[in-house]
Amino acid sequence: MAQVKNRLTPFFENITFDRDDNELVLNFGPQHPSAHGQLRLMLHLQQEQIVKAHPDIGYLHRGMEKMAENMIYNEFMPTTDRMDYIASSSNNYGFALAVEKLIGLEVPRRAKVIRMMLLEINRLMSHLFWLATTALDIGAMTVFLYAFREREYLMDIIEGYCGARLTHAAIRIGGVPLDIQDSFLHQLRVFLNKLPQNIKDYEDLLDTNRIWLMRMEEVGTISTEMALSWGCTGPMLRASGVAWDIRKEEPYELYDEVEFDVPFSDKGDNFARYRIYMEEMRQSAKILYQCIEMYEKCEKDGQTELMAHAPKYISAPKIDIMTQNYSLMQHFVLVTQGMRPPVGEVYVPTESPKGELGFYINSQGGPYPYRLKLRAPSFWHTGILTDLLPGHYIPDVVSIIGTTNIVFGEVDR
Amino acid sequence: MAQHKVNYTQDGGLPVALTSIDKIVNWGRSNSLWAMTYGLACCGIEMMAAGASRYDFDRFGTIFRASPRQSDVMIVAGTLTKKHSEFIKRLYDQMTEPRWVISMGSCANTGGMFNTYATVQGVDRIIPVDLYLPGCAPRPETLQYGVMLLQKKIRANKAGNAQKAKRLM
Amino acid sequence: MRAYKSKDNVQAKAYYTDRFYVAPQVPKQDVDCDETFSSDLEAIKAKFEVKEAYVQVGQMVVYINAHDIYGVLELMRDELEYTQLSEMSAIDWLAKDNTFEIFYQMLSMTKRKRIRVKYFIENGQAVDSVEALFRSADWAEREMYDMFGIEANGHPFMKRILMPYDWQGHPLLKTYPLQGDEFAAWYEVDKIYGKEARDIIGPELRDTARVDRYDSERFSRLGFEVPKGTEITGEEEPHVESYQEEGGVFLVKKFDKESSKVIDDPQR
């Protein structure tokens, strides 16, 4: 059969070329190698300088909030993986915590420790990935290769735990499904012992690198007012002079028992954000060492429970399901019909590697959420580009997008 | 004419290899598959991992290019949404022939878990696909195995003929 | 005759609910239980009408009148130190009483408190934009417009944000089906190839569980692969898909399993 031509019109038909104001319109994306996904920017240029930026998102909008309204709570868990797919356990955790707050569950201590380890490993993975991609965008290929090597070690650990490299679904509502494998602690310790040297290697490569400094220092400066007004959170806000870390200020899990510092900076530029990411990696390692100790203490104390005991909402352990009739019936109902949380609403923020990840759940007592709103940090970090980019030059766009650390799975949801 | 003992047609002779045009062209095509970075979502991260230090895609001659005009194979890694669908067609049209498409991951194959209003139910509704890689997300090993299968497919082609239209549209 | 299904909410519903099932409530506390919240509420009450206020899961929920929203948020930002608008969106109650519920999630970093400001609007009514107070409302209101069709008065750029500009329908309405309507189903085909291509490309296959081993166009049986379009008889020979042809490949070395090395510890 003959080839049928498509009917897509040339792309620039709706752009007037004979403008009065001598501005050039530059289309950036949605498929640009340094757009970190599917960001599309319409940039108005005066010479090399940007006078107006118009970020266009939605190229990865998959309708997650709609999916949530049509899924039972446990069914939605793997979908949250695909939000911030660099650190998927932190999304799992955010959702699990929101539902737990809604039904008022207390998670066993051992499960909490395992969750914290997963969260911090995810934070490390996310930051290493950030470092790798940003360095690559700016031209430092070596750092990309080094950071990916370290990230692979972490992925091995996670893979040993849950079987997946990227989309973990490792956390359940009410706890964690299984205990960590035997080699977990050993592998983690080996990694953590190497990490300070690795971070130092990256810093040696970057901190005094002239190109890196020129691309980073005094570029993309976000003032405190602007960051607050745009709803920035996480490293973006901390780089702009507000030491706000939800792990510290509104502690969840066992973060009030561990010791760690919240790095922050007053500069607000790209370089400040880079420094904060590096410092947070060190702090994550510090937390992980404490988690290992806590885990070993749990083991000594004989705390073996991994899932909360709440027969109305959470399935019994496998051994009970296999041996006790009532547990089997409960499990069957929970799997086929789903749990029915009480009527009410809850907004639960957690500190994901990117910033404040919030889940707003409105439950009407049915097995499906009536409304679920995902408050993804990257959405606002993309929005700020509207105000941030004007005044900068074209090459700065790449480094600014890099340091905002946006992931389009969660921008568009 | 000088007498010499070199047998040109044997190993160890002068660096001469006798072959057919088909084989030499396909050798060139299959071992320098420049891939277009079409990382759309989670699979794009695994695609990057495949290109990074541990998996090292360069061994296969696969180098990621940002421009469709320089690339031979488009690795569609991730969810294709309806808003984006127009661009994949545009970029596919810009690629020079011969061109191949690898659909990486469940979302690109069939829409995967995103059975919603906003997701294209498989990229093969828009562009022809040579290879489907299952998984959500497929491991880098899967992608490398897929590229090796694609090389096998290329080697089976006749080099001289123009590429046949791969689907009705 | 098919049973009638109401069209005002086409989302998934529980297929069985016990007749005597009474859903429990997430406990609501009085605002007096927390000093900061009660003083904040007093400050709001002094200037604006507060319909209802309570504390739920550690956060205060305040119901106000729709036209007060700009004033309330301004008061909260300037005097009560709620400097960040974390999130805002709507909830669709059209099936119940033809209203939307709008919520604004506020955060005070100095007091470490979160307040949810809410109000109801009628269907078709527009909200007041708070974009001048919080820049984050710029995109949040656009998203709300995109998803629910609720417009914001005074917003500088009221256009769709997540869906394409030429999209029809507002996806998060309860009347909008999960898998989209007719327009959504053919969107990409219509746009790229035109309506006449619908017959050639065919409808979307939405059945995720569909597997047909006799259909070699769309499915491939692992270990029994055949060329695309072959008629399947069920007597296919099992076959392993190797990545190199028998007899080697021109100028390419064959991978030798014997001489390769397996690394046990990745972090060696």
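- A donor-acceptor distance shorter than 3.5 angstrom exists from the side chain of A:Thr350 to the backbone of A:Leu357, with no hydrogens or angles considered.
- Within the 4.5 angstrom heavy-atom criterion, atoms from both the backbone and the side chain of A:Tyr347 approach chain C.
- Heavy atoms closer than 4.5 Å to chain C are found in both the backbone and the side chain of A:Met67.
- With a 4.5 Å cut-off on non-hydrogen atoms, C:Tyr15 touches chain A through its side chain but not through its backbone.
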### Message
A:Asp245 vs A:Arg238, test: salt bridge (Lys or Arg N to Asp or Glu O under 4.0 Å). Steps then yes/no.
### Response
CA-CA 8 Å; A:Asp245 188 325; A:Arg238 289 197 281 276; 3.6 Å; yes
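- Geometrically, A:Lys66 does not engage C:Tyr176 in a cation-pi contact defined by less than 6.0 Å to the ring centre and at most 45° from the axis.
- Checked options C:Arg142, C:Glu141, C:Glu131; the residue passing with C:Phe157 is C:Arg142 (criterion: side-chain contact (heavy atoms from CB on, under 4.5 Å)).
- Only the side chain of A:Asn362 comes within less than 4.5 Å of a heavy atom in chain C; its backbone stays farther off.
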### Message
Between A:Glu249 and C:Arg112, is the salt bridge (Lys or Arg N to Asp or Glu O under 4.0 Å) condition met? List the steps.
### Response
CA-CA 7 Å; A:Glu249 311 292 334; C:Arg112 300 179 189 176; 2.8 Å; yes
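- A donor-acceptor pair under 3.5 Å is formed between the side chain of A:Asn70 and the backbone N or O of C:Ala12.
- Most heavy-atom pairs under 4.5 Å with chain C, from the set A:Gly383, A:Gly365, A:Pro367: that is A:Gly383.
- When heavy atoms are compared at a cutoff of 4.5 Å, C:Lys159 does not approach chain A at all.
- When the candidates C:Lys13, C:Arg114, C:Gln25, C:Gln11 are compared by the number of heavy-atom contacts under 4.5 Å with chain A, C:Arg114 comes out ahead.
- In this model, no donor atom of one side chain and acceptor atom of the other lie less than 3.5 Å apart for A:Tyr368 and A:Tyr73.
- For a residue to count as touching a neighbouring chain, one of its non-hydrogen atoms must lie under 4.5 Å from one of that chain's; by this rule A:His381 does not touch chain C.
- Taking chain A as the reference chain and counting heavy-atom pairs below 4.5 Å, the highest number among C:Met147, C:Gln59, C:Lys174 is found for C:Lys174.
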### Task
Could you walk me through whether A:Ser378 and A:Glu410 pass side chain to side chain donor-acceptor pair (under 3.5 Å), step by step?
CA-CA 6 Å; A:Ser378 295; A:Glu410 76 177 358; 2.7 Å; yes
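- Comparing C:Leu85, C:Val61, C:Leu107, C:Asp138 by how many heavy-atom pairs each has under 4.5 Å with chain A, the most go to C:Leu107.
- Heavy atoms of C:Val22 lying under 4.5 Å from chain A are absent altogether.
- Looking at A:Phe379, both its backbone and its side chain come within 4.5 Å of chain C, counting heavy atoms on both sides.
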### Query
For C:Tyr193 and C:Asp190, what are the C-alpha separation, side-chain angles and deciding distance, and is it a side chain to side chain donor-acceptor pair (under 3.5 Å)?
CA-CA 6 Å; C:Tyr193 295 109; C:Asp190 287 358; over 6 Å; no
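- Proximity to chain C involves both the backbone and the side chain of A:Thr336, based on heavy atoms less than 4.5 angstrom apart.
- One finds no salt bridge joining A:Glu351 and A:Lys248 here, because no Lys/Arg side-chain nitrogen approaches an Asp/Glu carboxylate oxygen to under 4.0 Å.
- For A:Arg149, no part sits under 4.5 Å from any heavy atom of chain C, backbone or side chain.
- Both the backbone and the side chain of A:Pro55 come within contact range of chain C, judged by heavy atoms closer than 4.5 Å.
- Heavy-atom proximity under 4.5 angstrom to chain A picks out C:Glu87, C:Met88, C:Ser89, C:Ala90, C:Ile91, C:Asp92, C:Trp93 from residues 87-97 of chain C.
- For A:Thr386, the part lying under 4.5 angstrom from a heavy atom of chain C is the side chain only.
- Salt-bridge formation is detected for the pair C:Lys111/C:Asp40: a Lys NZ or Arg NE/NH1/NH2 atom is positioned less than 4.0 Å from an Asp or Glu carboxylate oxygen.
- Listed options A:Val411, A:Asp387, A:Ile384 were ranked by heavy-atom pairs under 4.5 angstrom with chain C; first place goes to A:Asp387.
- Aromatic ring pairs are classed by plane angle as parallel below 30°, tilted from 30° to 60° and perpendicular above 60°; the pair C:Phe103 and A:Tyr360 is parallel.
- Using modelled atom types and a 3.5 Å distance limit, the side chains of C:Glu81 and C:Ser108 yield no donor-acceptor pair.
- Judged purely by distance below 3.5 Å, without hydrogens or angles, the side chains of C:His170 and C:Asp146 never pair a donor atom with an acceptor atom.
- Taking A:Met71, A:Met226, A:Glu65 one by one and counting their heavy-atom pairs under 4.5 Å with chain C, the maximum is reached by A:Glu65.
- With a 4.5 angstrom heavy-atom cutoff, C:Glu196 touches chain A only via side-chain atoms.
- Only the side chain of C:Gln105 comes within contact range of chain A, with at least one heavy atom under 4.5 Å from a heavy atom of that chain.
- For a residue to count as touching a neighbouring chain, one of its non-hydrogen atoms must lie under 4.5 Å from one of that chain's; by this rule A:Trp244 touches chain C with the side chain only.
- Of the listed residues (A:Glu250, A:Lys101, A:Glu225), the one with the most heavy-atom contacts under 4.5 Å to chain C is A:Glu250.
- For the residue pair C:Glu182 and C:Tyr187, no side-chain donor N or O sits within less than 3.5 Å of a side-chain acceptor on the partner.
- Proximity to chain C is absent for every atom of A:Leu372, based on heavy atoms less than 4.5 angstrom apart.
- At a 4.5 Å heavy-atom cutoff, the contact between C:Met163 and chain A is made by side-chain atoms alone.
- Ionic pairing of C:Arg116 and A:Glu345 is present here: one or more N-O contacts between side-chain nitrogen and carboxylate oxygen are shorter than 4.0 angstrom.
- Within the 4.5 angstrom heavy-atom criterion, only side-chain atoms of A:Glu356, from C-beta onward, approach chain C.
- Under the side-chain hydrogen bond (donor to acceptor under 3.5 Å, both in side chains) criterion, C:Thr36 pairs with C:Asp34, sequence neighbours left out.
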### Task
Given salt bridge (Lys or Arg N to Asp or Glu O under 4.0 Å), test A:Asp156 with A:Arg165 step by step and report yes or no.
CA-CA 7 Å; A:Asp156 280 342; A:Arg165 279 164 54 87; 5.3 Å; no
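- The contact between A:Ile246 and chain C is made entirely by side chain atoms (from C-beta outward), counting heavy-atom distances below 4.5 Å.
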### Message
ring-ring contact (aromatic ring centres under 6.0 Å, His included) for A:Tyr252 and A:Tyr255? Distances and angles first, verdict last.
### Response
CA-CA 6 Å; A:Tyr252 49 91; A:Tyr255 278 113; 5.3 Å; yes
